[in-house]
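A short worksheet on the structure shown next.
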Amino acid sequence: MREKIVAANWKMNKDLTEGLQLVSDLVESLKGKKIACEVIMAPPFIHLSGAAERLKETDIVLAAQNIAKEENGAFTGEVSAQMIASTGAKCVIIGHSERRAYYGENGAVLHEKLLRAISEGLRPIFCVGEQLNEREAGKHFDVVSNQLTEAFNAIGADKIAQMIIAYEPVWAIGTGKTASPEIAEEMHAHIRSFLKERYGESVAQKMPILYGGSCNGSNAVSLFSQPNIDGGLIGGASLAVEKFMPIIEAWDQVHK
């Protein structure tokens, strides 16, 4: 059975005091509860070390939102995979649509970042997704396949199998629009078919594929009930415990 995951992507939100309080609040809310999924938390860089301390003795997995493609050196403002790993983080988001759109990250850059993450033992959460015009033109499957092909180039199946993929239709991120469960499932099934064709049945069936795009407490159950959707990469709804907990608890309803 594939892992079921709910991952929080805080993006550029919360100062240090606010962020560490949110970590503590989530830990307290989960205390003593048996939950049916893995929880991953990706705060900004400045929170990582403090968050790691507060997440000790919990099952919450710490992630970073980005890494540099370089190993080290004169790259002012960048943060390396080794630095991220040294904080206690275990995962890293790579290829988010905002990084692609605002910082020009293309397939070649993302390939280098994946290699860096893997070399430091960080588990990538690799994001793919189409723009609205690409979907309307009927190119959405090709766009996502190309994003996977470019970034995964020459990476072995054993390494690919360790990753998490997040499908984020760009037109549904932070807009309040959500792909219907059927639309989301269609793309998740396409991604799993791509993985099977390129890397084999074992990799395709092992790989968790998350949905990212205005997932919230009211639609999480319907999304997570789809056969190829293994959880969510949550943005805005992860910034408050009272909004994030219903998404985590949605897995309890799915498994009933």
Side-chain angles (χ1 to χ4, degrees), residues 3-16 18-27 29-30 35 37-56 58-69 78-103 105 110 113-114 116-118 120-129 151 162-168 170 173-174 208-216 220 230-241 243-245 247-248:
E3 298 164 87
K4 305 306 179 186
I5 297 169
V6 174
N9 176 18
W10 293 8
K11 306 189 180 184
M12 194 173 71
N13 292 291
K14 304 292 184 182
D15 65 23
L16 187 57
E18 293 169 338
L20 294 181
Q21 185 61 54
L22 179 54
V23 175
S24 296
D25 290 346
L26 182 60
V27 169
S29 295
L30 290 171
I35 58 173
C37 66
E38 181 176 55
V39 177
I40 299 175
M41 178 184 291
F45 292 137
I46 66 164
H47 301 81
L48 289 175
S49 293
E53 281 297 314
R54 298 189 185 204
L55 295 178
K56 285 181 178 178
T58 78
D59 294 325
I60 300 173
V61 177
L62 187 61
Q65 296 178 19
N66 184 34
I67 53 170
K69 65 182 179 67
E78 292 295 294
V79 179
S80 73
Q82 183 180 30
M83 292 173 181
I84 295 300
S86 73
T87 69
K90 302 299 182 185
C91 299
V92 59
I93 298 171
I94 294 176
H96 194 280
S97 61
E98 291 157 3
R99 299 295 311 178
R100 296 175 189 265
Y102 305 148
Y103 302 99
E105 294 187 358
L110 299 176
K113 290 191 174 193
L114 286 174
R116 290 295 176 202
I118 292 166
E120 293 297 333
L122 294 171
R123 186 180 191 185
I125 302 172
F126 185 69
C127 301
V128 295
Q162 299 171 24
M163 299 185 192
I164 300 166
I165 291 176
Y167 167 59
E168 41 166 27
V170 181
I173 298 174
I209 307 176
L210 312 183
Y211 173 76
S214 298
C215 179
N216 55 54
D230 302 310
L233 178 60
I234 315 302
S238 72
L239 297 175
V241 169
K243 294 182 178 180
F244 192 48
M245 281 297 297
I247 302 174
I248 295 172

Problem - Contact check, side chains of Arg116 and Val92, non-hydrogen atoms, under 4.5 Å - result: no
Problem - Nearest non-hydrogen partners of Lys113 and Asn66, listed with the distance - result: NZ-OD1, 2.8 Å
Exercise for the section: State, with a plain yes or no, whether a side-chain heavy atom of Leu110 is found less than 4.5 Å away from one of Lys69. Expected result: no
Problem - OG on Ser29 to CZ on Phe244, rounded to 0.5 Å - result: 11.0 Å
Exercise for the section: Nearest 0.5 Å please: distance from the CD1 atom of Ile60 over to the CZ atom of Arg54. Expected result: 12.5 Å
Problem - Ile5 and Cys37, any side-chain heavy atoms less than 4.5 Å apart - result: no
Problem - Chi angles and distances behind the side chain to side chain contact (heavy atoms under 4.5 Å, CB included) call for Asp59, Val39 - result: CA-CA 8 Å; Asp59 294 325; Val39 177; over 6 Å; no
Practice task
Could you tell me which non-hydrogen atom of Arg100 sits nearest to which non-hydrogen atom of Gly95, and how far apart they are?
Solution key: NE-O, 2.9 Å
Exercise for the section: With side chain to side chain contact (heavy atoms under 4.5 Å, CB included) as the test, would you mind laying out the steps for Asp25 and Gln21 before giving the verdict? Expected result: CA-CA 6 Å; Asp25 290 346; Gln21 185 61 54; 2.8 Å; yes
Exercise for the section: Using a 4.5 Å cut-off on heavy atoms from C-beta on, say whether the side chain of Leu30 contacts that of Thr58. Expected result: no
Practice task
For the residue pair Ile93 and Asn9, establish whether any side-chain heavy-atom pair is separated by less than 4.5 Å.
Solution key: yes
Practice task
Grab the two heavy atoms, one from Trp10 and one from Gly19, that are nearest each other, plus how far apart they are.
Solution key: CH2-O, 3.2 Å
Fill in the blank from the handout: Value for OG1 (Thr87) from CD (Gln82), rounded to nearest 0.5 Å, stands at 11.5 Å
Practice task
Give, for atom CG of Asn216 and atom OG of Ser238, the distance between the pair rounded to the nearest 0.5 Å.
Solution key: 12.0 Å
Exercise for the section: Pick out which of Ile248, Val6, Leu210 makes a side-chain contact (heavy atoms from CB on, under 4.5 Å) with Ile234. Expected result: Val6
Problem - Given Leu22, Leu62, Leu20, the one that forms side-chain contact (heavy atoms from CB on, under 4.5 Å) with Pro43 - result: Leu62
Exercise for the section: Any chance you could lay out the side chain to side chain contact (heavy atoms under 4.5 Å, CB included) test for Ile164 and Ile40, step after step, and finish with the verdict? Expected result: CA-CA 12 Å; Ile164 300 166; Ile40 299 175; 4.1 Å; yes
Problem - Closest non-hydrogen atom pair between Asp15 and Glu18, with its separation - result: OD1-N, 2.8 Å
Handout entry: Audit row: Arg123, Glu3, salt bridge (Lys or Arg N to Asp or Glu O under 4.0 Å) steps and yes/no
Key = CA-CA 14 Å; Arg123 186 180 191 185; Glu3 298 164 87; 2.6 Å; yes
Fill in the blank from the handout: Heavy-atom nearest pair, Cys91 first then Leu122, reads N-CD2, 4.2 Å
Fill in the blank from the handout: d(Met83 CE, Ile67 CD1) to nearest 0.5 Å is 12.0 Å
Problem - pair Leu233-Tyr211: side-chain heavy atoms closer than 4.5 Å - result: no
Exercise for the section: Would you mind reporting whether Ile118 and Met163 have side-chain heavy atoms less than 4.5 Å apart? Expected result: yes
Problem - Side-chain donor-acceptor contact under 3.5 Å, His96 with Glu168 - result: yes
Problem - Leu114 versus Ala151, closest heavy-atom pair with distance - result: CD1-O, 3.5 Å
Problem - CD (Glu120) with more than 12 external heavy atoms under 6.0 Å - result: yes
Problem - Cationic N near anionic O, under 4.0 Å, Glu38 to Lys4 - result: no
Exercise for the section: Step by step, work out the side chain to side chain contact (heavy atoms under 4.5 Å, CB included) result for Val170 and Glu98. Expected result: CA-CA 9 Å; Val170 181; Glu98 291 157 3; over 6 Å; no
Handout entry: Heavy atoms from other residues, nucleotides or ligands near NZ of Lys14 exceed 12 (cutoff 6.0 Å)
Key = yes
Handout entry: Heavy-atom side-chain proximity of Ile94 to Ile125 below 4.5 angstrom
Key = no
Handout entry: Salt-bridge criterion met for Arg99 and Glu105 (N-O under 4.0 Å)
Key = yes
Completion exercise
Here the gap from Phe45 atom CZ to Ile84 atom CD1, rounded to the nearest 0.5 Å, amounts to 4.5 Å
